[in-house]
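Protein chains get the first letters and strands the later ones, always in sequence-line order, with residue 1 at the start of each.
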Amino acid sequence: MTAPSPSAPAAVAETAARPSRPTMRALRALVGSRPAVAGLVVLGLVALVAILAPFVAPGDPLAMVARPFVRPGVSGAVPLGSDALGRDLFAGVVHGARASLVIGLAATVVGLLVGTLVGATAGYFGGRADLVLVRLIELFQTIPNFVLVVVMVAIVQPTIVTITLAIGIVSWPPVARLVRAEFRALGARDFVLAARAAGCGDLHMMLREILPNALPPVISTASVMVASAILMESALSFLGMGDPNLVSWGAMVGAGRDSLRSAWHVSAVPGLAIVVVVLALNFVGEGLEEAFDPRRTGERR
Amino acid sequence: MRAILAPLKVLAHTVPTSVGIAVVTFLLVQLAPGDAVDVFAGESGAATAETMAGLRRALGLDLPLLDRLLAHLSGLVRFDFGCSIRYNAPVASLVAERLPSTLALMGCALALALVVGILLGTLMACTAGSWLDRGLSAVILFFYSVPGFWIGLMSIVFFAVRLGVLPTGGMETIGGDFSGPGDALLDRLRHMVLPTVSMALFFIAIYARLMRSSTLQVLGLDHVRVAAAKGLPRWVVVRRHVLRNALLPVTTMAGVHIGAMLGGAIVIETVFSWPGLGRLAYEALMSRDFKILLAILFLSSILVMFTNALVDLLQLWLDPRIRRRR
């Protein structure tokens with residue numbers, strides 16, 4: 001371990017300045033990207049509707065309120081039409097936003113936490129710990145994600161918690177790879193060596209010195225992770241493996257399958273909701289990726 | 001010497017992974033509520049505690065955890081997944097029966113996704129920044145965001161119900177009267193169009209994005225500039241000097257993509273009543289037949305593992321730089 005004593009003050013100064021500048025620049029770049037801003041606006045609206053669901057669409061979204069198979073735009077009471085049981089599709093879409101957003105966000109948080117923990121441990125300590133953890137990452141990248149989610153949820157019964165955990169468990173490996181690579185690259189930098197020479201402990205080094213600098217690429221994947229978590233949840237509930245007590249977009253699409261010939265709008269409407277939210281998340285994801293990686297924006301021009 | 005050692009290393013790498021897969025499936029079996037004896041007791045309608053204990057002893061279910069793990073491993077090695085309660089048949093033969101139709105569907109979807117994705121990605125990179133690039137990027141992002149089951153259902157509504165040009169599902173026209181083998185093949189192909197396209201869209205998006213960024217990277221390299229300076233037409237430069245180099249990153253993730261496709265097959269085959277592994281998984285899911293689910297999980301993981309090994313070997317052979325690094 002070499003202590004770069006002459007350059008240590010400069011290196012410490014560099015640490016202090018580092019986290020704020022690129023983040024600000026990235027934020028400015030993000031706001032400058034039109035698709036990303038459009039995505040953020042859409043997501044904000046959807047989140048607002050989800051939070052205010054009991055006011056936007058009062059009453060039980062699973063209750064019969066109209067004749068079955070009312071087409072969209074025909075009745076003012078059910079603007080998006082009704083399904084085979086006379087349930088209001090608009091209320092379903094509004095309340096379904098809750099399940100999609102909550103599961104998507106919570107599963108991503110689980111994936112980020114596990115992935116960061118594994119990746120940071122592997123990248124920071126290296127050696128045998130790294131060897132074992134890399135094998136673990138490879139193992140989880142070998143087992144097909146969605147198949148594992150389906151099997152896990154089928155075995156432990158579908159509830160909002162088990163679905164979230166199952167999706168989180170399959171989505172951490174890419175995060176772990178990313179964090180591991182960042183920790184390995186940053187571990188050899190001067191400001192880290194300076195902190196080590198100053199006698200900082202492992203935990204301080206990992207959390208305070210390296211992690212803040214390793215986060216940008218992780219943040220830019222988070223949005224795409226939420227998108228894929230929402231897609232997985234909707235596929236799961238489409239297959240009838242969703243939480244039976246929740247209104248979910250995927251389950252609504254699945255319920256419309258039986259009347260596809262006569263009333264295809266029952267499947268089309270909730271599916272469109274999924275597309276809109278996932279598309280918005282991916283727009284934001286692209287914006288974040290470009291904002292945090294100036295090289296890519298450079299290529300574009 | 002190195003020429004032999006490197007491939008062996010790749011193969012040796014599969015050993016810990018396959019053990020890991022086996023352990024994960026075993027843990028999932030332990031998680032499942034009730035064991036085979038509980039199921040048997042439920043099926044037969046009546047069983048005393050004594051007969052159940054006797055059965056457990058006979059089946060080895062009262063052995064310590066480690067012994068059961070070893071029994072589980074030896075079963076997997078022999079591709080013995082036990083018997084399905086619902087179908088009253090060995091799980092292995094059920095799976096083997098369904099495997100070919102899934103592989104056919106996946107093969108077609110993968111081929112379609114590769115061809116279209118690589119073409120679109122190259123086109124986007126060569127016209128980077130133009131309106132064509134932007135427009136295609138938006139379309140690709142849409143493909144990337146659409147749930148496969150929904151686009152499948154909507155394509156049934158449009159092409160099968162409205163236009164009536166393609167069948168709604170299944171693998172062949174039941175009771176179809178074909179004059180020759182050509183007609184039967186055509187019928188089979190017509191049934192494949194919608195599921196293949198629905199499955200491929202997401203992967204078209206993945207490959208187009210991958211190809212766009214890797215082509216852009218290669219386009220900036222010196223040898224490409226030299227080729228352009230020689231006065232070679234642009235399409236010759238792209239085809240001869242760029243495409244080859246840009247293709248490498250597209251192949252690295254093939255294993256992960258095969259895994260994602262197997263997951264997608266559950267949903268797509270359910271939508272189109274395609275009699276493959278995915279449809280079997282759905283049926284097993286509906287009847288809570290965990291043995292079938294675990295067998296499918298195990299087999300699909302093994303498939304991904306071998307794809308990964310194959311890709312590693314292929315790259316070893318294609319790219320001398322990787323060979324030297326090992």
What do the steps show when you test Val150(A) against Tyr282(B) for side-chain contact (heavy atoms from CB on, under 4.5 Å), and what is the final call?
-> CA-CA 9 Å; Val150(A) 165; Tyr282(B) 176 72; over 6 Å; no
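- Of the residues considered (Val277(A), Leu281(A), Val253(A)), Val253(A) shows the highest number of contacts with chain B, using heavy-atom pairs under 4.5 Å.
- Heavy atoms of Leu272(A) lying under 4.5 Å from chain B belong to its backbone as well as its side chain.
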Would you sort out whether Arg257(A) and Phe149(B) count as a side-chain contact (heavy atoms from CB on, under 4.5 Å), showing the intermediate values?
-> CA-CA 10 Å; Arg257(A) 229 189 119 197; Phe149(B) 60 89; over 6 Å; no
Worked check of side-chain contact (heavy atoms from CB on, under 4.5 Å) between Phe146(A) and Leu262(B) | CA-CA 8 Å; Phe146(A) 188 65; Leu262(B) 282 160; over 6 Å; no
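- Residues Pro147(B) and Trp249(A) are not in side-chain contact: their nearest non-hydrogen atoms beyond the backbone lie 4.5 Å or more apart.
- Checking each of Leu279(A), Val278(A), Val224(A), Leu231(A) against Tyr144(B) for a side chain to side chain contact (heavy atoms under 4.5 Å, CB included) leaves exactly one that passes, namely Val224(A).
- Residues Leu285(B) and Ala154(A) come closest through the heavy atom pair CD1-CB, 3.4 Å.
- For the options Val256(B), Ile266(B), Ile151(B), heavy-atom pairs under 4.5 Å to chain A are most numerous at Ile266(B).
- For the set Val161(B), Leu297(B), Leu293(B), the count of heavy-atom pairs under 4.5 angstrom toward chain A peaks at Leu297(B).
- Between Phe283(A) and Leu141(B) there is a side-chain heavy-atom pair separated by less than 4.5 Å.
- The most heavy-atom pairs under 4.5 Å with chain B, out of Ala227(A), Gly250(A), Pro144(A), come from Pro144(A).
- Scanning both residues, Leu28(B) and Ile155(A), for their nearest heavy atoms gives O-CD1, 3.4 Å.
- Shortest non-hydrogen contact noted between Val147(A) and Gly263(B) is CG2-CA, 3.8 Å.
- Contact of the Ile156(B) side chain with the Trp264(A) side chain is not registered, since no non-hydrogen atoms from C-beta on lie closer than 4.5 Å.
- Between chain B and the residues Asn145(A), Leu260(A), Ile274(A), the most heavy-atom pairs under 4.5 angstrom are made by Leu260(A).
- The two residues Leu239(A) and Val267(B) come nearest to each other via the heavy atoms CD1-CG2, 4.2 Å.
- A 4.5 Å side-chain heavy-atom check between Ile143(A) and Val24(B) finds at least one atom pair inside the cut-off.
- With a 4.5 Å cut-off on side-chain heavy atoms, Phe306(B) and Thr142(A) do not count as touching.
- Looking at Met305(B), the atoms closer than 4.5 Å to chain A (heavy atoms on both sides) sit in the backbone and in the side chain alike.
- The heavy-atom pair separating Arg135(A) from Pro16(B) by the smallest distance is NH1-CG, 3.5 Å.
- In this structure, Thr17(B) and Leu139(A) approach most closely via the heavy-atom pair O-CD1, 3.6 Å.
- With rounding to the nearest 0.5 Å, the separation of CZ in Phe202(B) from OG in Ser228(A) is 7.5 Å.
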Could you go step by step and tell me if Val157(B) and His265(A) meet the side-chain contact (heavy atoms from CB on, under 4.5 Å) rule?
-> CA-CA 10 Å; Val157(B) 168; His265(A) 71 272; over 6 Å; no
